[in-house]
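We name chains A, B, ... by the order of the sequence lines, and we start the count at 1 in each one.
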Protein chains: 2
Amino acid sequence: MLSKKTKYGLKALTFLAKQDKKEPIPIADIAEHENISQKFLESILLTLRRTGYLGSKKGKGGGYYLIKDPSEIPMTTVMRVLEGPIAMVSCVSLNFYEQCEDCPDEQSCSVHKLMLKVRDSALEVYRNTTLADLLP
Amino acid sequence: MLSKKTKYGLKALTFLAKQDKKEPIPIADIAEHENISQKFLESILLTLRRTGYLGSKKGKGGGYYLIKDPSEIPMTTVMRVLEGPIAMVSCVSLNFYEQCEDCPDEQSCSVHKLMLKVRDSALEVYRNTTLADLLP
DNA sequence: TATTAACCCTATTGTTTTAATAGGTAAATC
DNA sequence: GATTTACCTATTAAAACAATAGGGTTAATA
């Protein structure tokens, strides 16, 4: 299941992408429009800033805004930062690889084989989908 | 992340598929060969029986065995029984659909849009992969 | 420079899910 | 009828999740 963190993060990004003017939007505004706990959203936006696609400005008139055009923001980055590894098992993860402790041989492991396919298909979706594709 | 339940279940099915003779294999044997807690595996195999692909026999000489050929066992069924819905959000689930409580309009929801794509791609993998494809 | 409104950070808590354990029941075989 | 094996119920320990609380810091504005 998708975590609420990711769900809220995506909704927040979409909300920012929909803004006409690219002025900073306060957290409180996003939280209200998307029905998200403000404090929770705060931490999510902080996390999202690590993607480099999201900028923020402090003080009066401040808030969050997109640095890049939505069409330049791929879901691979967003999903990895919010949800973590795209792979369902660490032994098929590109960015978070770890050997399975209980698995004697990766090549002959059925779980490995299946999850490799699933990862590849998910990756193709995320790579070919940008924030712009998610707008109404 | 894939649950251990699913991981173990897949390993157990693969182990059964690899057997030359199709005689029942006791849980204890599967558990030992695949390094799985026997009690945990018990409940997993019970769950898997609901797919209709797995048979069991009690008493001496009993155990679990595949009813169908591995090539006739698609991953869609196995994954749904073990891991639950293939969709990452209930509003895009085919078999476990539920409306999101916080979402005013599904059609315009960015999460819905993205997760629909992800579901479709995962579904394609699971539909086109049988237990036979996972054998070494 | 004082104020304001926003971002930033740490810690805690309640809930749910997961992974496993324990103990007993039912059925098949010898 | 003793043994073997699957079947069922309940409990628990640990982890992850979703939020809450409270305060601290920063930077515009007046």
Side-chain angles (χ1 to χ4, degrees), chain A residues 1-12 16 23-32 34-50 54-67 79 81-85 88-90 96 100-102 111, chain B residues 1-12 15-16 23-51 54-67 79 81-85 88-90 96 98 100-102 111:
Chain A
M1 277 284 156
L2 197 73
S3 69
K4 294 213 172 181
K5 183 179 177 184
T6 304
K7 203 172 168 182
Y8 293 162
L10 283 170
K11 289 199 174 204
L16 291 177
E23 330 179 300
I25 311 284
I27 294 181
D29 288 14
I30 308 173
E32 194 189 351
E34 301 294 332
N35 281 305
I36 306 170
S37 142
Q38 179 170 339
K39 277 292 187 180
F40 194 21
L41 183 58
E42 263 188 51
S43 68
I44 294 169
L45 290 173
L46 278 173
T47 307
L48 270 174
R49 250 168 53 103
R50 290 207 299 265
L54 196 61
S56 61
K57 192 186 167 199
K58 291 180 184 175
K60 187 159 196 176
Y64 278 96
Y65 54 92
L66 295 182
I67 290 175
M79 288 299 291
V81 165
L82 289 175
E83 192 74 5
M88 291 180 80
V89 286
S90 58
F96 304 83
C100 292
E101 68 237 354
D102 56 340
V111 177
Chain B
M1 277 285 156
L2 197 73
S3 67
K4 294 211 172 181
K5 184 179 176 184
T6 303
K7 204 171 167 182
Y8 293 161
L10 282 169
K11 290 199 174 200
F15 183 76
L16 290 176
E23 338 180 292
I25 312 283
I27 295 179
D29 288 15
I30 309 174
E32 195 190 350
H33 275 92
E34 300 295 332
N35 281 304
I36 306 171
S37 143
Q38 179 171 339
K39 278 290 186 182
F40 193 22
L41 183 57
E42 264 188 50
S43 68
I44 294 169
L45 290 173
L46 277 174
T47 307
L48 271 175
R49 248 168 54 103
R50 290 207 297 265
T51 60
L54 197 59
S56 63
K57 194 187 165 197
K58 290 180 183 176
K60 186 155 196 178
Y64 278 94
Y65 55 92
L66 294 182
I67 290 176
M79 289 299 292
V81 165
L82 290 174
E83 192 75 5
M88 293 180 80
V89 286
S90 58
F96 304 83
E98 258 183 59
C100 293
E101 68 237 352
D102 57 340
V111 177

(message) I'd like to check B:Lys7 versus A:Cys100 (side-chain heavy atoms, cut-off strictly below 4.5 Å). Are they in contact?
(response) yes
note: A:Arg49, atom CZ; C:dC8, atom C1'; distance rounded to Å ~ 9 Å
Checking C:dC8, C:dA20, D:dA19 against the side chain of A:Ser37 (C-beta onward), the nearest is D:dA19
Between CG of B:Leu45 and C1' of D:dA6 the distance, given in whole Å, is 10 Å
On DNA chain D, more 5' by nearest nucleotide between B:Gly63 and A:Leu2 is B:Gly63
Closest to the side chain of B:Leu46, out of C:dC8, D:dT4, D:dC8, is D:dC8
What does A:Ile27 touch in the nucleic acid at a heavy-atom separation under 4.0 angstrom: a base, only the sugar-phosphate, or nothing?
sugar-phosphate
Taken to the nearest whole Å, CG/B:Leu41 to P/C:dA20 is 11 Å
| query | Can a side chain N or O of B:Tyr8 be found less than 4.0 Å away from OP1 or OP2 on C:dA20? | reply | yes
With the side chain defined as heavy atoms from C-beta on, A:Lys58 is closest, among D:dT26, C:dA6, D:dA19, to D:dT26
Worksheet entry | Polar pair under 3.5 Å, donor/acceptor by atom type, side chain A:Glu42, base C:dC8 | yes
B:Met88 CE to D:dC17 P, in whole Å, measures 11 Å
- Message: At less than 4.0 Å, is any side-chain N or O atom of A:Ser43 found next to OP1 or OP2 of D:dA18? Yes or no.
- Response: no
Among the nucleotides C:dA22, C:dA27, D:dT20, whichever has the atom closest to the side chain of A:Lys39 is D:dT20
Here the distance between atom C1' of D:dA21 and atom CZ of A:Phe40, to the nearest Å, is 15 Å
To the nearest angstrom, the CE-P distance between A:Met1 and D:dA15 comes to 24 Å
Which of D:dA6, C:dC8, C:dA20 is nearest the side chain of B:Lys4? It is C:dA20
In whole angstroms, the gap separating C1' of C:dC9 from CZ of A:Arg50 amounts to 13 Å
Looking only at heavy atoms, the pair that brings A:Tyr64 and A:Ser56 closest together is CE2-CB, 3.6 Å
Checking C:dA19, D:dA6, C:dC7 against the side chain of A:Tyr64 (C-beta onward), the nearest is C:dC7
Item checked: A:Gln38 atom CD, neighbour heavy-atom count above 12 within 6.0 Å -> yes
Atom CD1 of A:Ile30 and atom P of C:dA6 are separated, to the nearest Å, by 12 Å
Heavy-atom nearest nucleotide on DNA chain D taken for A:Glu83 and for B:Lys57; more 5' hit belongs to B:Lys57
In terms of heavy-atom contacts, B:Glu83 and B:Leu2 come closest through OE2-CA, 3.8 Å
